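Computed from a predicted model, the values in this text were never measured in an experiment.
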Amino acid sequence: MLDASRSMFRTDYSPNRLEACKSAILHFIQSRMTHDSVVGSSSAYSVVVISDAAKKVFDFTDSASYDQIASYFADLTCHGRSALGEGVGMAIKILIEDIRTNGARSPKIIIFSDGKYTNSKVDPIKMANLSQQLGIKMDTIRVGDVEHFSILKQLADTTGGKYSYANNAAIILNYVAELATSNMELPSSTPRKSKEKVSAKVLKKIAAPLLDENEMNRGTEDQKGLIERLRGTKSYERCSICFQPNDPYSKTSFSISGRFCPNCGTPMHTTCASMWAKNQDKEGDGTIFRCVHCLYLLQIPASVQTAVRMHQSMMKTMKGSQSDKKSPQSYPVSTAIASSFGEEAMYSACPVCDGIFEEKDEVLKCGNPDCNAIYHSHCFDKLSNHTCKSCGSKMTRLFQ
């Protein structure tokens, strides 16, 4: 984050404060590129410039190169006052979105400024407290006159970052050379004791909630068009995890139990998402997971996970009670081609292997009219006593 306010035009640094900081940022990127080539990693940069307002120049998704940033800096001049609070808030927002999308990067904000800022609606100290809660450190490099109170030192201290005061351009370059390797990934042969990771606590705080249909409809036309292109109108209300329109646990329609990924629009049942989350993180509480389509960081209500556990417990109790009372009902089944069941097979998954069906696959359909589960023929032979995994009915195969 670079301060480009009027006070950064002062010439107590050669040729002035702003140009000295520009050179330092480019030197930082060059140093980082050198170390990246050694350890085989790849750094990404986002650039925020502050004056009267905060401006996002490059996002992580832009994959801005050294030359692109240098080209922008060439035309950047000083003007206005310093909207420090807005700049810190914007930097945090950019990092949160990057963690949601990529997760593995070590989040850090480096601020180049003389510390002279304008009071505004966004308090930089409150933003620093938020940053600290999210595990985002701020390293600050201060140029200009020495002052008893420094807002930049307070930002660094609050977030556990490093505060540096440089009284000339050469010292700024020394500081950034150190910062360039401060959170580098180590070579694979080196113990990773010092590698920073985004904690599960942080991920839980920033995970985006699943959206219901009304919330999706409040989005842009482009967003709704994306859903239709990704899923097609016929599969728009079919879960991308179980491939069924109705919730396999509650048996409710997708309009009731369905939710969408806010990033790519992938549809899924909340209960299926809950089970998916639990499988991804067996030691967690099953409320945080990554989208099955785009790997975006998502969260589901803890109440849904609780409801799933209660349902599973109840089903086990019911099955145990039913097995004590009487033998399961038997239904005749026969082999058919998957295409003969139309969309019912095309948008279903085999309960044994969880695989989808191809048009020419040999399949068998459970005869229970309240179940209608479909199995691959070879998977049907693996069923214990030919008992349907979905409804518990016994299936008797009719040979043709």
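- The structure places SG of C371 at 12.5 Å from NZ of K389, a figure rounded to the nearest 0.5 Å.
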Subject >> side-chain hydrogen bond (donor to acceptor under 3.5 Å, both in side chains) evaluation trace for S120 with T118 >> reply: CA-CA 6 Å; S120 63; T118 305; over 6 Å; no
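- Under the side-chain contact (heavy atoms from CB on, under 4.5 Å) rule, M1 has a single partner from L84, I25, V47, which is L84.
- Contact annotation: the side chain of M395 approaches that of F380 to within less than 4.5 Å [non-hydrogen atoms, C-beta and beyond].
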**OP:** List the steps, then state whether side-chain hydrogen bond (donor to acceptor under 3.5 Å, both in side chains) holds for T11 with N16.
**Re:** CA-CA 4 Å; T11 57; N16 59 49; over 6 Å; no
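- Put simply, the side chain of S340 gets close to the backbone of I337: a donor and an acceptor are under 3.5 Å apart.
- Judged by distance alone, the side chain of D361 and the main-chain N or O of E358 form a donor-acceptor pair under 3.5 Å.
- F9 is not listed as a side-chain neighbour of L18, based on a closest heavy-atom distance of 4.5 Å or more.
- The shortest non-hydrogen separation linking L155 to P124 is CD2-O, 3.4 Å.
- Contact annotation: the side chain of I171 never approaches that of Y13 to less than 4.5 Å [non-hydrogen atoms, C-beta and beyond].
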Original post:
How far apart are the C-alpha atoms of T396 and S330, what are their side-chain angles, what is the distance that settles it, and do they pass the side-chain hydrogen bond (donor to acceptor under 3.5 Å, both in side chains) test?
Top reply: CA-CA 7 Å; T396 304; S330 178; 3.0 Å; yes
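- Here the side chain of R290 pairs a donor or acceptor atom with the backbone of L295 at under 3.5 angstrom.
- At distances below 3.5 Å, at least one donor-acceptor pair connects side-chain atoms of T140 with backbone N or O atoms of L152.
- Counting heavy atoms from C-beta on, the side chains of P248 and C272 come closer than 4.5 Å.
- Heavy-atom contacts from other residues, nucleotides or ligands closer than 6.0 Å to NZ of K116 number more than 12.
- Between Y375 and F357, the gap from one ring centroid to the other reaches at least 6.0 Å.
- A donor-acceptor contact shorter than 3.5 Å links the side chain of Q68 to the backbone of S65.
- The main-chain N or O of M138 is never found under 3.5 Å from a side-chain atom of Y163 such that the two would form a donor-acceptor pair.
- The pair K121-E86 fails the salt-bridge criterion, with no side-chain N (NZ, NE, NH1 or NH2) lying under 4.0 Å from an Asp/Glu carboxylate O.
- Clustering ILVMFWY residues whenever any of their side-chain heavy atoms sit less than 4.5 angstrom apart, transitively, puts V176 in the very cluster that holds M33.
- At a threshold of 4.0 Å, the pair R10-D114 does not count as salt-bridged, since none of the basic side-chain nitrogens sits closer than that to a carboxylate oxygen.
- To the nearest 0.5 Å, atom CE of residue M127 and atom CD1 of residue I92 are 6.0 Å apart.
- Here CG of L203 is found 10.5 Å from CG of L134. Values are rounded to the nearest 0.5 Å.
- More than 12 non-hydrogen atoms from other residues, nucleotides or ligands lie less than 6.0 angstrom from NZ of K205.
- The shortest side-chain heavy-atom distance between D12 and N168 does not fall under the 4.5 Å cut-off.
- Side-chain contact check for C239 versus H269: some heavy-atom pair is nearer than 4.5 Å.
- Under the 4.5 Å side-chain heavy-atom criterion for grouping Ile, Leu, Val, Met, Phe, Trp and Tyr, Y331 is not connected to V363 through any hydrophobic cluster.
- Pairing each heavy atom of A91 with each of I109, the nearest pair is CB-CD1, 3.7 Å.
- Counting heavy atoms from C-beta outward, P209 and L298 have side chains that stay 4.5 Å or more apart.
- Under 3.5 Å, the side chains of S51 and H79 contain a donor-acceptor pair of N or O atoms.
- D36 and S42 are not linked by any side-chain donor-acceptor pair at a separation below 3.5 angstrom, with hydrogens and angles left out of the test.
- Residues I125 and I111 share a single hydrophobic cluster, defined by chaining ILVMFWY side chains whose heavy atoms lie under 4.5 Å apart.
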**OP:** Decide ring pair (Phe, Tyr, Trp, His ring centres under 6.0 Å) for F260 and F254; before the verdict, give the C-alpha distance in whole Å, the side-chain angles of both, and the deciding distance to 0.1 Å.
**Re:** CA-CA 11 Å; F260 300 90; F254 191 90; 5.7 Å; yes
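- Put simply, the side chain of S37 gets close to the backbone of T34: a donor and an acceptor are under 3.5 Å apart.
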Subject >> CA sep, side-chain torsions, deciding dist, call: C264, H293, side chain to side chain contact (heavy atoms under 4.5 Å, CB included) >> reply: CA-CA 8 Å; C264 68; H293 180 75; 3.6 Å; yes
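- Hydrophobic clustering (side-chain heavy atoms under 4.5 Å, transitive across Ile, Leu, Val, Met, Phe, Trp, Tyr) groups Y66 together with L179.
- Of the possible donor and acceptor atoms, one in the side chain of K22 sits under 3.5 Å from a partner among the backbone N and O of L76.
- Remark: the backbone N or O of D62 is not paired with any side-chain donor or acceptor of D59 at under 3.5 angstrom.
- No path of Ile, Leu, Val, Met, Phe, Trp and Tyr side chains, each step under 4.5 Å between heavy atoms, connects F28 with L173, placing them in separate hydrophobic clusters.
- Between the side chains of S43 and R32, at least one donor-acceptor pair of N or O atoms lies under 3.5 Å.
- Other residues, nucleotides and ligands place no more than 12 heavy atoms under 6.0 Å from the NZ atom of K56.
- Contact record, L210 with R259: CB-CB, 3.7 Å, taken as the closest heavy-atom pair.
- Put simply, the side chain of S31 gets close to the backbone of H27: a donor and an acceptor are under 3.5 Å apart.
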**OP:** Begin from the C-alpha positions of R397 and T335 and carry the test side-chain hydrogen bond (donor to acceptor under 3.5 Å, both in side chains) through to its verdict.
**Re:** CA-CA 8 Å; R397 185 171 189 169; T335 304; 3.2 Å; yes
